[in-house]
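Worksheet for the structure shown next.
Owing to the predicted nature of the structure, the values given are computational and were not obtained by experimental measurement. Protein chains get the first letters and strands the later ones, always in sequence-line order, with residue 1 at the start of each.
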Number of protein chains: 2
Amino acid sequence: MNIEKNKEERKLRILASIIREYITTAVPVSSRSVAAAMGSSLSSATVRNIMAELEESGYIEQPHTSAGRRPTDKGYRQFVNLMARRLEMEKEKAIILRDQFEERIRSIKDIIERTTSLISRELKHTGLVMWPTMDGVYLKHIELVRIKAKTVLAVLVTMTNAVKNYIFMVEKDIEKTQLKKISNFLSSNFEDSKLSAISERLKVKAPGSGNSQVTKLASSALEIIDKIIEIDIENDVFMEGMNWFAMEPEFRDPKVSKHVLNLISDRKIFGRLMQKELPYRGVNVYIGSENESEILKDCSVITSGYDIHGETVGRFGVVGPTRMDYESILRTIGCLSDVISKKLVELSK
Amino acid sequence: MNIEKNKEERKLRILASIIREYITTAVPVSSRSVAAAMGSSLSSATVRNIMAELEESGYIEQPHTSAGRRPTDKGYRQFVNLMARRLEMEKEKAIILRDQFEERIRSIKDIIERTTSLISRELKHTGLVMWPTMDGVYLKHIELVRIKAKTVLAVLVTMTNAVKNYIFMVEKDIEKTQLKKISNFLSSNFEDSKLSAISERLKVKAPGSGNSQVTKLASSALEIIDKIIEIDIENDVFMEGMNWFAMEPEFRDPKVSKHVLNLISDRKIFGRLMQKELPYRGVNVYIGSENESEILKDCSVITSGYDIHGETVGRFGVVGPTRMDYESILRTIGCLSDVISKKLVELSK
DNA sequence: CTTAGCACTCTAATATCCCGAGTGCTAAAT
DNA sequence: ATTTAGCACTCGGGATATTAGAGTGCTAAG
């Protein structure tokens with residue numbers, strides 16, 4: 001029984017070894033090099049037997065007979081699952097990460113840009129950050145501007161100093177002065193609230209036929225706030241470091257490179273992907289074919305959430321070829337999640 | 001003398017023929033196919049002689065002996081110069097272009113997105129649009145928000161419904177209420193003015209020690225406006241259709257494709273490029289090595305300006321491989337410039 | 001269960017060949 | 001004085017052949 005377990009464990013250690021080597025070399029791994037990597041405690045022949053079993057289980061594959069093995073998506077998955085528990089970042093590294101966010105952070109935009117840039121530089125893959133959903137975020141300021149008849153421009157400033165704007169139609173035309181009143185009404189009564197909370201509270205206020213003036217104001221305001229919430233499904237994604245794809249040897253294949261270009265020119269894919277997993281704060285890993293999108297079948301996407309005041313309002317992550325360094329990425333992403341969330345709280349005072 | 005001229009003209013007609021064929025096939029052009037294209041009025045032998053001359057002049061080159069000729073940058077340049085005068089768009093095409101801007105245009109953002117998308121779809125190259133410089137643009141609304149001590153967030157809404165925001169430091173801390181006053185002061189006195197004009201007019205008002213209250217307000221406002229103008233050098237560029245690069249046969253070469261990825265992940269290049277040529281409304285063409293940036297040496301960039309109220313405030317254009325269809329691009333870009341400018345005026349009522 | 005040994009397989013790099021598209025030149029034709 | 005037909009020559013690149021060696025699977029011994 002104990003022996004059984006040891007056997008299984010050794011098998012997985014070998015899988016890990018194969019993956020680690022393949023990640024750095026991008027070349028199918030031979031039994032010999034695995035044996036060497038395992039400290040020569042095993043002969044290549046033994047390793048060969050085990051590798052045959054691993055292939056049987058679908059964790060690795062041969063591009064062709066008489067070539068080494070490379071990990072399959074399933075193999076990567078196994079690997080990721082196994083190590084998922086122990087992914088603390090070394091103290092020093094964590095401090096280096098933190099330091100990157102020390103200077104000149106004045107708005108969430110700065111944080112977002114800093115994050116993608118960090119991911120790009122440190123992890124050598126494309127970094128992604130989703131803007132926080134507006135409805136989960138506290139407002140600092142709201143301003144309404146009349147564009148033309150029945151058309152309103154809303155400018156929101158969040159506690160994190162993000163500026164977002166929305167143009168939308170309203171039922172009946174609102175005068176410039178009236179709009180100013182609504183702006184003021186919202187600003188004075190609902191500053192420092194969340195969009196969703198404002199909507200809730202307005203719903204209570206609006207239909208109650210107390211002071212007709214206030215009621216009217218509230219119902220106009222409600223219409224506008226709900227419009228904003230409705231529009232805000234787009235969820236913009238900020239990307240940086242697409243050029244790392246070019247460095248990968250996989251990129252030599254023109255078919256692949258074509259794919260990649262199509263991929264990175266369509267940020268919506270990532271917007272949808274991250275939106276979907278949103279209430280969740282933890283780390284997600286999608287490996288190759290695990291991705292819903294066909295276009296991502298040779299890529300892996302690793303994402304994590306970030307909080308503002310304990311509420312998960314956005315996600316960020318990394319895209320790259322399936323052959324990526326899951327270990328260091330998972331470590332970094334996990335750590336970054338904390339750093340960003342902390343910074344965001346600081347930002348909103 | 002007349003004969004001389006005919007000779008020269010024929011030479012250039014052949015150059016044009018070579019270029020047109022090369023643009024569509026991407027394969028060096030042989031004397032035979034040129035002869036055929038010229039309606040068999042010339043034999044391939046004659047064409048060969050002329051091609052030798054064209055090569056002598058540096059307009060075309062052979063990749064190697066016993067191959068056809070392909071245009072050099074100089075050749076493309078000559079071609080572009082020659083046809084530059086007669087580039088009217090056909091009426092029908094122009095109308096089709098115009099129609100694309102009919103629906104749901106509510107802000108300059110819509111126009112910018114529509115433009116890049118149009119360029120991408122119609123011309124099958126990457127489309128670029130530079131946001132208009134703020135200082136040349138009329139303001140509809142200005143809002144100042146206190147971020148923290150000595151830090152101000154300015155949100156500007158232009159006549160074209162663009163929302164831009166700037167975070168900056170000011171000399172001494174300004175109270176929230178005071179900031180509100182400055183906002184109102186600016187909004188009520190300077191709405192519908194240009195940023196640069198506001199600055200000018202404030203300069204007059206500020207030092208004049210009339211009403212101390214107003215003077216103080218004006219000088220604070222001046223500081224802020226000047227800060228905004230100062231910051232606004234970044235000049236964001238909107239891009240779409242980078243994936244067209246992937247379709248080009250040139251892209252087969254991994255070196256080239258690497259270049260391209262680096263290129264498109266750096267929009268600043270185009271920001272600087274367009275910024276530089278800014279006061280100019282007309283069309284510019286940079287062919288291959290004519291580009292300042294080394295990274296663009298295998299690309300051509302064609303740009304044109306757009307106006308708001310007769311003042312050229314931004315530029316837009318196309319990037320692609322040197323082997324691009326200059327004729328149809330120049331036609332389209334020229335026409336688009338008018339369409340956009342017209343729409344922008346409509347937008348700002 | 002492990003390992004040494006060996007036959008076998010298949011890729012990728014290199015070499016060789018050769019077709020044919022395209023040229024440049026020359027000499028005849030206009 | 002051009003233009004053109006004719007022809008020899010060049011060279012890239014596709015097709016094919018060859019080979020080296022990296023890696024495997026299997027067997028039999030440790």
Side-chain angles (χ1 to χ4, degrees), chain A residues 1-11 13-15 17-18 21-22 25-57 59-72 249-250 252-254, chain B residues 1-11 13-15 17-18 21-22 25-57 59-72 249-250 252-254:
Chain A
M1 203 65 186
N2 202 350
I3 297 166
E4 263 303 302
K5 219 170 178 180
N6 276 337
K7 272 276 168 61
E8 202 54 31
E9 198 210 301
R10 186 180 65 176
K11 206 156 150 182
R13 279 217 324 278
I14 286 181
L15 173 62
S17 177
I18 293 168
E21 183 174 335
Y22 186 71
T25 63
V27 167
V29 182
S30 74
S31 55
R32 180 150 14 93
S33 57
V34 171
M38 303 290 285
S40 313
S41 59
L42 255 47
S43 80
S44 69
T46 315
V47 173
R48 261 201 303 281
N49 290 331
I50 301 172
M51 281 170 86
E53 293 173 39
L54 282 169
E55 182 162 27
E56 185 68 26
S57 321
Y59 294 141
I60 54 179
E61 65 184 359
Q62 284 182 296
H64 53 84
T65 341
S66 88
R69 307 297 211 295
R70 71 161 97 97
T72 60
E250 285 88 335
R252 290 301 172 82
D253 180 350
Chain B
M1 203 64 187
N2 201 349
I3 296 167
E4 264 302 302
K5 220 170 179 181
N6 276 335
K7 273 276 167 61
E8 202 54 30
E9 198 211 301
R10 186 179 66 177
K11 206 157 154 181
R13 278 215 326 277
I14 286 181
L15 174 61
S17 177
I18 293 169
E21 183 174 336
Y22 187 72
T25 63
V27 168
V29 181
S30 74
S31 54
R32 179 149 16 92
S33 56
V34 171
M38 304 288 288
S40 314
S41 60
L42 254 48
S43 79
S44 69
T46 315
V47 174
R48 265 202 299 283
N49 290 331
I50 301 171
M51 283 169 86
E53 291 173 38
L54 283 168
E55 183 162 27
E56 185 68 26
S57 321
Y59 293 141
I60 55 180
E61 65 185 359
Q62 283 181 297
H64 53 84
T65 341
S66 88
R69 309 299 212 291
R70 70 162 99 93
T72 60
E250 285 88 336
R252 290 302 173 84
D253 181 351

Would you say A:Val29 and A:Arg70 make side-chain contact, with heavy atoms under 4.5 Å?
->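 Sidechains of A:Arg70 and A:Val29: no contact.
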
List the protein contact pattern of nucleotides 23-30 of chain D with one symbol per nucleotide (5' to 3'): B for base contact, S for sugar-phosphate-only contact, - for none; contact means a heavy-atom distance under 4.0 Å.
-> BBBB----

DNA chain D: 5'-proximal contact among B:Val47 and B:His64 (nearest heavy atom) |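 It is B:Val47 whose nearest nucleotide is closer to the 5' end.
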
If you look at every heavy atom in A:Tyr22 and A:Pro28, which pair is closest and at what distance?
->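 That closest heavy-atom pairing would be CE1-N, 3.8 Å.
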
Can you name the salt bridge (Lys or Arg N to Asp or Glu O under 4.0 Å) partners of A:Glu21, sequence neighbours left out?
->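 With sequence neighbours excluded, A:Glu21 shows a salt bridge (Lys or Arg N to Asp or Glu O under 4.0 Å) to no residue whatsoever.
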
For B:Arg13, what residues pass the salt bridge (Lys or Arg N to Asp or Glu O under 4.0 Å) criterion, not counting sequence neighbours?
->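 Once residues adjacent in sequence are excluded, the partners of B:Arg13 under the salt bridge (Lys or Arg N to Asp or Glu O under 4.0 Å) criterion are B:Glu9.
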
Write down the distance between NZ (B:Lys11) and P (D:dT3), rounded to a whole number of angstrom.
->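 After rounding, the gap between these two atoms is 12 Å.
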
Can you name the residues that form a side chain to side chain donor-acceptor pair (under 3.5 Å) with B:Ser30, not counting sequence neighbours?
->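 B:Ser30 satisfies side chain to side chain donor-acceptor pair (under 3.5 Å) with B:Ser33 once adjacent residues are dropped.
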
Could you go through residues 42-56 of chain A and list every donor-acceptor pair under 3.5 Å that involves a side-chain atom there, pairing it with any protein atom two or more places apart or in another chain?
{"unit_1": "A:Ser43", "atom_1": "OG", "unit_2": "A:Ala45", "atom_2": "N", "d": "3.3"}
{"unit_1": "A:Ser43", "atom_1": "OG", "unit_2": "A:Thr46", "atom_2": "N", "d": "3.2"}
{"unit_1": "A:Ser43", "atom_1": "OG", "unit_2": "A:Thr46", "atom_2": "OG1", "d": "3.0"}
{"unit_1": "A:Arg48", "atom_1": "NH1", "unit_2": "A:Ser31", "atom_2": "OG", "d": "3.3"}
{"unit_1": "A:Glu53", "atom_1": "OE1", "unit_2": "A:Lys11", "atom_2": "NZ", "d": "3.3"}
{"unit_1": "A:Glu55", "atom_1": "OE1", "unit_2": "A:Arg69", "atom_2": "NE", "d": "2.9"}
{"unit_1": "A:Glu55", "atom_1": "OE1", "unit_2": "A:Arg69", "atom_2": "NH2", "d": "2.9"}
{"unit_1": "A:Glu55", "atom_1": "OE2", "unit_2": "A:Gln62", "atom_2": "N", "d": "3.3"}

Of all residues at least two apart in sequence or in a different chain, which pass the side chain to side chain contact (heavy atoms under 4.5 Å, CB included) check with B:Ala36?
->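 None.
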
Partner set under side chain to side chain contact (heavy atoms under 4.5 Å, CB included) for A:Ala67, not counting sequence neighbours |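 With neighbours one apart ignored, the set is A:Pro63, A:His64.
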
How sharply is the helix from C:dC1-D:dG30 to C:dT30-D:dA1 bent, taking the axes over five pairs at either end and rounding to 10 degrees?
->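 Axis angle across the helix from C:dC1-D:dG30 to C:dT30-D:dA1, nearest 10°: 30°.
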
